[in-house]
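Residue numbering restarts at 1 for every chain, and letters A, B, ... go by the order of the sequence lines. Keep in mind that what you see is a predicted model, and the values were worked out from it rather than measured.
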Amino acid sequence: MVTIKDIADRAGVSFSTVSKALRDSPLVQNKTKQHILSIAKEMGYQPNLAARSLVSRKSGAIGVVWPSIERAALSSLITKINEQLEKKGYITLLSISHLESAIEIFRRYQVDAILVFGDRDSISSFSSISPLQIPILTYGAAGYTPFSTVDVNRGQAVRLAVRHLARLGHKDIAYIGEPQTQDPLQTVKIEAFRDEIVQLGLQARDNAVLQMNGLEFHDGYLAARAMLEQTPRPTAVISGGIDLTRGILRAIGEHGLSVPHDVSVVSYDNLPQMEDIGVPMTVVGVAIATITAHITTAILELIDQPESLKTVYLEPELVVRASTSHLNND
DNA sequence: TACGCATGGGAACAGAGCCG
DNA sequence: CGGCTCTGTTCCCATGCGTA
């Protein structure tokens, strides 16, 4: 490997001068600088990050723990976060391992901060993390972790959805998004759903919330099929997430029904791709760009002040598109 | 303006001291 | 004397302060 020493030998200067020249220091004459730069380029020099972080005590890397790789909503989050951190000179290391082993690996790489996406599995293991020197930011796990957190007011999002449908005249509303295994992130939404139904004096049916195995396409599909068999059939449905929504739309289509004429659909997850997933979706949630901006800011702050502890709660919005309409009385 | 030198964490190595 | 553990040293490379 080419090091600054090799460049120094070739250029006939000391390696500290090469270091300064490569970092565009004003302490090196422009002529010398250009000479050194051209030699570095010619020799194909790449700075050794390990050595650099040895001195600076910063690795310039941020570890992201992302255990549920199959969820579409999270994948657009991570893409954007990576983009924004890159602009700030950081690289992101992604781990899809379990929380404990992911953190251990990141410690060895000496990342400057760790971002953890909370999900059912990671939430339960937060308590077992031994205190460490690396700052940790969690997303989607407010109230479950001793760390700084950026989170979304999920309950409020679902309330917005219920109110929107109620305003359109719907009284019989279903909710698809209750996995069999206890998932705190989903439970919050479901509780808000039930509560808002009662608050608005709508029909509170026992089977309004549909059970399912998981939160993926097929789960939404099966739950929607079950819902469409109910009599009377709900006139509107709220979906717990984008993957479920895709399955729900499929089931409705196969049933020979149309959205929103026969069934209005509001989906959780305020993602750009929601503008058209067969139907332009009415959605509730915090826009991805807003979430990622807050996460990025919070991480950078945490690197500057590792001791600080901060919880940011983001308020969701309702974006009305073509998947919801007034109740038909025909 | 350019150079000398200390610095950082950890792997690899050298040497000392011990045991059977 | 071979084999072992334990301690101490050197090296990796880029950075940046102090100095010539």
Side-chain angles (χ1 to χ4, degrees), chain A residues 1-67 78 81-117 122 125-138 145-148 295-310:
Chain A
M1 277 305 286
V2 182
T3 71
I4 55 172
K5 255 183 186 160
D6 302 321
I7 300 171
D9 288 344
R10 180 88 77 89
V13 296
S14 78
F15 65 86
S16 55
T17 303
V18 174
S19 172
K20 289 186 182 70
L22 292 173
R23 300 183 69 75
D24 201 20
S25 158
L27 299 175
V28 180
Q29 221 170 25
N30 215 338
K31 200 176 113 197
T32 318
K33 207 181 279 178
Q34 292 310 319
H35 183 52
I36 290 171
L37 286 177
S38 71
I39 289 176
K41 191 173 178 187
E42 186 190 321
M43 297 177 82
Y45 170 78
Q46 291 291 338
N48 184 322
L49 293 183
R52 179 177 285 174
S53 58
L54 198 57
V55 176
S56 64
R57 291 161 157 261
K58 288 253 184 287
S59 64
I62 289 168
V64 179
V65 188
W66 182 38
I78 187 66
I81 289 170
N82 178 60
E83 221 168 78
Q84 290 169 1
L85 287 175
E86 206 167 38
K87 273 186 201 147
K88 300 284 180 182
Y90 287 91
I91 59 153
T92 47
L93 303 179
L94 188 63
S95 173
I96 57 173
S97 302
H98 283 293
L99 186 62
E100 290 96 335
S101 49
I103 287 183
E104 194 183 318
I105 291 163
F106 286 149
R107 280 172 87 160
R108 294 182 186 176
Y109 277 100
Q110 314 215 34
V111 297
D112 296 335
I114 298 177
L115 168 65
V116 180
F117 282 99
S122 60
S125 41
F126 272 128
S127 49
S128 61
I129 298 175
S130 54
L132 67 173
Q133 314 77 324
I134 305 171
I136 293 187
L137 178 74
T138 57
T145 85
F147 307 108
S148 288
I295 289 178
T296 307
T297 311
I299 286 186
L300 298 177
E301 269 180 33
L302 213 51
I303 291 174
D304 273 347
Q305 305 161 36
E307 301 303 321
S308 68
L309 191 64
K310 213 160 108 181

About how many Å separate CD1 of A:I91 and OG of A:S59, when rounded to the nearest 0.5 Å? 7.5 Å
Hey, could you give me the CD/CZ distance between A:E104 and A:R108, rounded to the nearest 0.5 Å? 4.5 Å
Under 3.5 Å: donor-acceptor pair, side chain of A:T92, backbone of A:A61: no
Is there a side chain to side chain contact (heavy atoms under 4.5 Å, CB included) between A:I81 and A:I62 once you walk through the steps? CA-CA 11 Å; A:I81 289 170; A:I62 289 168; over 6 Å; no
What nitrogen or oxygen pairs link the protein and nucleotides 16-18 of chain C at under 3.5 Å?
{"from": "C:dC17", "atom 1": "N4", "to": "A:K20", "atom 2": "NZ", "distance (Å)": "3.2"}

Could you check how far CG of A:L49 sits from P of B:dG8, rounded to whole Å? 20 Å
d(CG, A:D24; P, C:dT15) in whole Å: 13 Å
Please check the phosphate of B:dC3 (OP1 and OP2 only) for any side-chain N or O of A:T17 closer than 4.0 Å. yes
Please check the phosphate of B:dA2 (OP1 and OP2 only) for any side-chain N or O of A:Q29 closer than 4.0 Å. yes
Could you tell me which residues satisfy salt bridge (Lys or Arg N to Asp or Glu O under 4.0 Å) with A:K310, sequence neighbours excluded, listed by chain and number? A:E301
Base, sugar-phosphate, or nothing: which does A:V18 touch, judged by heavy atoms less than 4.0 Å apart? nothing
Between B:dT7 atom P and A:N48 atom CG, what is the distance in whole Å? 21 Å
Just the rounded figure in Å: distance from P of B:dT7 to CZ of A:R57. 12 Å
Partner residues of A:D9 under the side chain to side chain contact (heavy atoms under 4.5 Å, CB included) criterion, sequence neighbours left out: none
In Å and rounded to the nearest 0.5 Å, what is the CD1 to CG distance from A:I295 to A:L85? 9.5 Å
Rounded to the nearest angstrom, tell me the gap between atom CZ in A:R107 and atom P in B:dG10. 11 Å
Could you work out which one of B:dA2, C:dA14, B:dG9 sits closest to the side chain of A:Q110? B:dG9
CD1 on A:I136 to CZ on A:F106, rounded to 0.5 Å: 10.5 Å
Atom NZ of A:K31 to atom C1' of B:dT1: distance rounded to whole Å? 13 Å
I need the NE2-P distance between A:H35 and B:dT1, as an integer number of Å. 17 Å
Return the angle between end axes of the helix from B:dT1-C:dA20 to B:dG20-C:dC1, with five pairs used per end and rounding to 10°. 40°
Can you list everything that forms a salt bridge (Lys or Arg N to Asp or Glu O under 4.0 Å) with A:R23? Sequence neighbours excluded, please. none
Suppose we screen for salt bridge (Lys or Arg N to Asp or Glu O under 4.0 Å). Which residues come up paired with A:D304, at least two apart in sequence or across chains? none
Nearest heavy atom decides the nucleotide; on that basis, is A:V28 or A:A50 closer to the 5' end of DNA chain B? A:V28
So if I take every side-chain heavy atom of A:T32 and compare against C:dC13, B:dA2, B:dC3, which nucleotide ends up nearest? B:dA2
So, does A:Y45 get its side chain near the phosphate of C:dA14, meaning an N or O under 4.0 Å from OP1 or OP2? yes
Send over the distance from A:K58 NZ to C:dT15 C1', rounded to a whole Å. 15 Å
